[in-house]
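Because the structure is a prediction, the values reported are computed rather than measured. Here is the naming used below: chain letters follow the sequence lines, and residue numbers restart at 1 for every chain.
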4 protein chains.
Amino acid sequence: MNGRSFSEHRVRRRPRRQRERQQRRADILAAAERVFAAKGFHAASIEEIARSADYATGTVYLYFKDKETLYIELFEEKIRALGAAIRQHLTPPADPVQALRQVVRARMAYFDQNRPFFSIYAREGMNLFEGRDERWRGVVKLYENYLDLLARLIQSGQRTGVFRRGRPRQFALALSGMMMQITRDWLQSRDRSALRTRSRFVLDLFLLGSQSPARSR
Amino acid sequence: MNGRSFSEHRVRRRPRRQRERQQRRADILAAAERVFAAKGFHAASIEEIARSADYATGTVYLYFKDKETLYIELFEEKIRALGAAIRQHLTPPADPVQALRQVVRARMAYFDQNRPFFSIYAREGMNLFEGRDERWRGVVKLYENYLDLLARLIQSGQRTGVFRRGRPRQFALALSGMMMQITRDWLQSRDRSALRTRSRFVLDLFLLGSQSPARSR
Amino acid sequence: MNGRSFSEHRVRRRPRRQRERQQRRADILAAAERVFAAKGFHAASIEEIARSADYATGTVYLYFKDKETLYIELFEEKIRALGAAIRQHLTPPADPVQALRQVVRARMAYFDQNRPFFSIYAREGMNLFEGRDERWRGVVKLYENYLDLLARLIQSGQRTGVFRRGRPRQFALALSGMMMQITRDWLQSRDRSALRTRSRFVLDLFLLGSQSPARSR
Amino acid sequence: MNGRSFSEHRVRRRPRRQRERQQRRADILAAAERVFAAKGFHAASIEEIARSADYATGTVYLYFKDKETLYIELFEEKIRALGAAIRQHLTPPADPVQALRQVVRARMAYFDQNRPFFSIYAREGMNLFEGRDERWRGVVKLYENYLDLLARLIQSGQRTGVFRRGRPRQFALALSGMMMQITRDWLQSRDRSALRTRSRFVLDLFLLGSQSPARSR
DNA sequence: TATGAATGAGAGTTCATTCAT
DNA sequence: CATGAATGAACTCTCATTCAT
């Protein structure tokens with residue numbers, strides 16, 4: 001045995017611990033997603049989440065300060081992942097319309113694969129952030145990033161004259177709302193078809209509106 | 001004095017009782033709206049609602065079977081009123097686009113005057129209807145009526161060629177979602193301006209889309 | 001108009017009022033019997049008793065101080081009636097055995113016609129008299145009178161040598177207990193036959209015991 | 001140290017947990033017995049029972065589903081123990097009369113040592129089993145077993161000619177009722193003497209009746 | 001670290017009782 | 001007197017959180 005191997009041992013040790021810790025954290029978040037999706041925030045009990053992750057009740061508290069923190073961090077994780085998914089599909093030198101198309105598609109595809117999370121999101125959203133804004137700041141920030149991305153694309157399109165005048169944020173909100181409601185309906189109807197088949201509809205409506213182009217306006 | 005006056009007395013009596021009962025019911029609903037808006041369904045306690053209406057806890061139960069019923073009936077009342085407000089602003093022989101304009105305006109004006117209710121609606125919506133669909137049926141029906149109205153207007157516009165092809169319900173959902181998100185943002189930003197100033201934006205976006213008409217497409 | 005008629009008027013008035021008052025009191029007691037029998041003391045609500053007697057809730061309180069008083073007075077009435085029924089069937093100059101026979105028969109016949117009351121009695125008896133003996137004193141007294149009657153008959157039989165030695169009260173308790181349990185069983189089995197068909201059995205057992213007389217003892 | 005000791009360790013572990021759990025359950029049952037005896041089912045609060053067992057309110061619910069279950073399981077435990085006590089005193093090859101003697105003595109001795117439970121039993125018995133028969137089935141079964149035991153002894157005595165003709169169950173009911181009432185009286189009188197001193201009286205009355213044997217019948 | 005039993009604050013709900021009409 | 005709406009104390013039960021093992 002030499003100093004090096006000991007050192008290596010130390011060096012290894014931490015990361016493994018860390019990795020294990022991350023793994024357990026992820027296990028619990030996954031269980032929380034299942035249970036929150038199935039029952040909603042209030043009806044879900046920590047006990048049930050723990051059991052669903054194959055841990056004991058107390059263990060959850062070693063990874064999350066309290067129930068609301070668990071909920072918030074689940075949101076952060078999921079919305080962060082949505083952001084990542086979008087960035088991944090965004091080929092940088094695209095024109096704004098093309099980019100928007102990519103964003104919408106990525107967004108729809110993301111919820112296609114995250115139905116349980118969307119059902120949490122649609123049902124209770126960030127409804128708990130009442131007064132206690134503080135703890136939600138991270139999630140709100142992430143959502144704002146997403147809106148900002150949409151808004152910036154629109155704004156850049158406005159500069160090139162592709163988009164009409166108007167407050168970019170309002171356009172972004174409206175687009176986001178359209179997707180939201182359509183996703184909600186898809187979820188509730190238990191439609192087996194993929195959500196992303198609606199991307200085209202959303203984009204067309206957002207870009208062209210509902211009126212017939214045949215009509216001279 | 002004749003027999004008729006006695007009869008009149010009897011005739012009057014019931015209505016007064018009924019009127020008073022309705023009044024108290026309304027008092028409690030108003031208090032419930034305040035408290036639910038401020039705290040959300042779960043954090044709101046019957047005790048607090050009762051106090052806010054200046055009644056004792058038990059009194060609430062003379063008017064509503066239980067907490068969820070109170071919540072549901074508040075929804076029914078409010079969504080019914082939204083429906084009424086819309087119908088009132090809808091001058092029958094209007095063309096679909098005109099009618100849609102009226103609906104959107106009425107919808108926005110309604111929430112302008114019902115901020116507290118919207119904050120309940122936006123936050124928790126009908127998220128409690130999990131499994132217990134039965135009790136929510138009335139509310140769901142009312143919401144469907146509203147969506148149907150939008151869908152029918154679009155459909156009739158499609159027949160006259162004003163609107164593009166597409167499933168009317170999807171258009172309706174999208175329009176509803178746009179309004180939803182814009183209202184949500186308005187509420188959260190504590191914007192002092194009237195919500196209805198956004199009606200024009202919503203309609204233009206829905207009808208014409210976001211792309212510049214200048215561009216030949 | 002003369003003094004006499006006025007006087008008569010006064011004389012009549014009171015009694016009628018009194019009679020009406022007694023009538024209403026009786027109505028309520030009858031309703032209480034029905035409801036207590038069906039649901040037990042705690043599950044029975046004053047509201048339901050009042051409705052069952054076709055009065056308003058508050059009216060009950062004009063005739064009975066509170067719920068327990070109502071219960072107690074129902075007991076008093078019923079046990080007093082049992083006493084009366086027994087005395088009625090008791091032809092004074094009978095020998096003790098004969099008299100006992102009459103008492104048992106009257107007792108069984110009484111509950112034959114008072115099933116609802118017995119079901120109250122069997123179920124909860126005087127279980128509420130815990131600590132608050134005071135209010136139950138009257139009922140206890142009446143029950144003691146009944147036991148005393150049995151005890152005195154036995155005692156007098158002992159003096160004439162018909163009955164064996166032993167504390168008369170113990171004999172009385174045992175006899176009462178036998179009838180009690182047999183009545184309880186009859187009630188629960190929903191036996192359609194009359195309870196009084198068991199009188200013979202009870203008497204024979206009490207007088208002769210269960211052992212075969214054939215056996216020399 | 002060998003693998004076996006480790007194994008033993010594991011083997012022990014479970015039983016200790018189990019034993020502790022049983023102990024706590026028993027603590028709570030004992031407290032429930034005290035409180036139910038003192039106040040009756042309805043007036044007893046879970047809070048008070050918990051405090052009396054030195055636990056917190058919620059703890060009771062870890063061991064018993066709800067208040068009625070606690071009550072029922074107390075009954076089951078106690079009546080099962082009565083059965084056990086009786087069987088223990090029953091030397092198999094005894095003749096029916098002898099056996100009956102043993103049963104009565106065991107029964108009386110049991111309540112001598114279980115005054116609090118008897119006061120629950122005498123006061124409210126199984127009066128809560130109204131409609132909700134299901135949950136009481138176990139207790140009813142145990143009580144029926146006890147009655148059956150008495151009935152079978154009598155029946156076998158009838159076959160050997162020691163007992164008179166008659167429905168064995170009626171004899172059993174009567175005997176049970178005699179003991180019941182005598183126990184009730186003993187409890188209420190706060191008699192310091194042992195209940196079992198009454199066994200002789202009960203048996204003699206049940207076997208021989210109250211009439212004097214001197215008399216030729 | 002992991003466990004899960006224990007905690008106890010807190011909520012919904014009921015209903016005996018009161019009292020203005 | 002009769003009414004029945006209002007009251008609010010009291011109770012059962014849940015569950016997030018803690019902590020001894």
Between [X] and [N], does any side-chain N or O lie under 4.0 Å from OP1 or OP2?
X	N	answer
Tyr63(A)	dA2(E)	yes
Arg51(A)	dG4(E)	yes
Arg17(D)	dA5(E)	no

(message) How would you summarise protein contacts on nucleotides 14-21 of chain E per nucleotide, using B for base, S for sugar-phosphate only and - for none, with heavy-atom distances below 4.0 Å?
(response) B-SBB---
(request) Could you pick out which residue, Asp54(D) or Arg24(A), lies toward the 5' side of DNA chain E when each is mapped onto its nearest nucleotide? (result)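 Its nearest nucleotide lies further toward 5', so the answer is Arg24(A).
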(message) Rounded to whole Å, please give me the gap between CD in Glu20(C) and C1' in dC1(F).
(response)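 To the nearest whole Å, that distance equals 11 Å.
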(request) Starting from P on dC1(F), measure out to CD on Gln23(C) and report it in whole angstrom. (result) 15 Å
(request) Begin from the C-alpha positions of Glu20(B) and Arg24(B) and carry the test side-chain contact (heavy atoms from CB on, under 4.5 Å) through to its verdict. (result) CA-CA 6 Å; Glu20(B) 284 174 0; Arg24(B) 281 181 210 117; 3.6 Å; yes
For residues 53-61 of chain B, please give each side-chain donor-acceptor pair under 3.5 Å, one per line with the distance, not counting sequence neighbours.
residue	atom	partner	partner atom	Å
Tyr55(B)	OH	Asp27(B)	OD2	3.3
Thr57(B)	OG1	Glu47(B)	OE1	3.1
Thr59(B)	OG1	Ala56(B)	O	3.3

(request) Could you please spell out the steps behind the side-chain contact (heavy atoms from CB on, under 4.5 Å) verdict for Arg123(B) and Phe41(B)? (result) CA-CA 10 Å; Arg123(B) 233 176 258 153; Phe41(B) 180 79; over 6 Å; no
(request) Classify the angle between the aromatic ring planes of Phe75(B) and Tyr71(B) as parallel (below 30°), tilted (30 to 60°) or perpendicular (above 60°). (result) tilted
(request) Take Arg25(A) and Gln22(A) through the test side-chain contact (heavy atoms from CB on, under 4.5 Å) and record every step on the way to the result. (result) CA-CA 5 Å; Arg25(A) 208 187 101 98; Gln22(A) 282 312 309; 4.0 Å; yes
(request) Show the numbers, then the answer: is there a side-chain contact (heavy atoms from CB on, under 4.5 Å) between Tyr63(A) and Leu70(A)? (result) CA-CA 9 Å; Tyr63(A) 294 87; Leu70(A) 170 56; over 6 Å; no
(request) Using Watson-Crick or G-U wobble pairs with both distances under 3.5 Å, give me DNA chain F in dot-bracket, 5' to 3', with [ ] for crossers and | for pairs to another strand. (result) .||||||||||||||||||||
(request) Would you confirm whether Lys39(D), through its side chain, and Ser45(D), through its main-chain N or O, come within 3.5 Å as a donor-acceptor pair? (result)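 No: the side chain of Lys39(D) does not pair with the backbone of Ser45(D).
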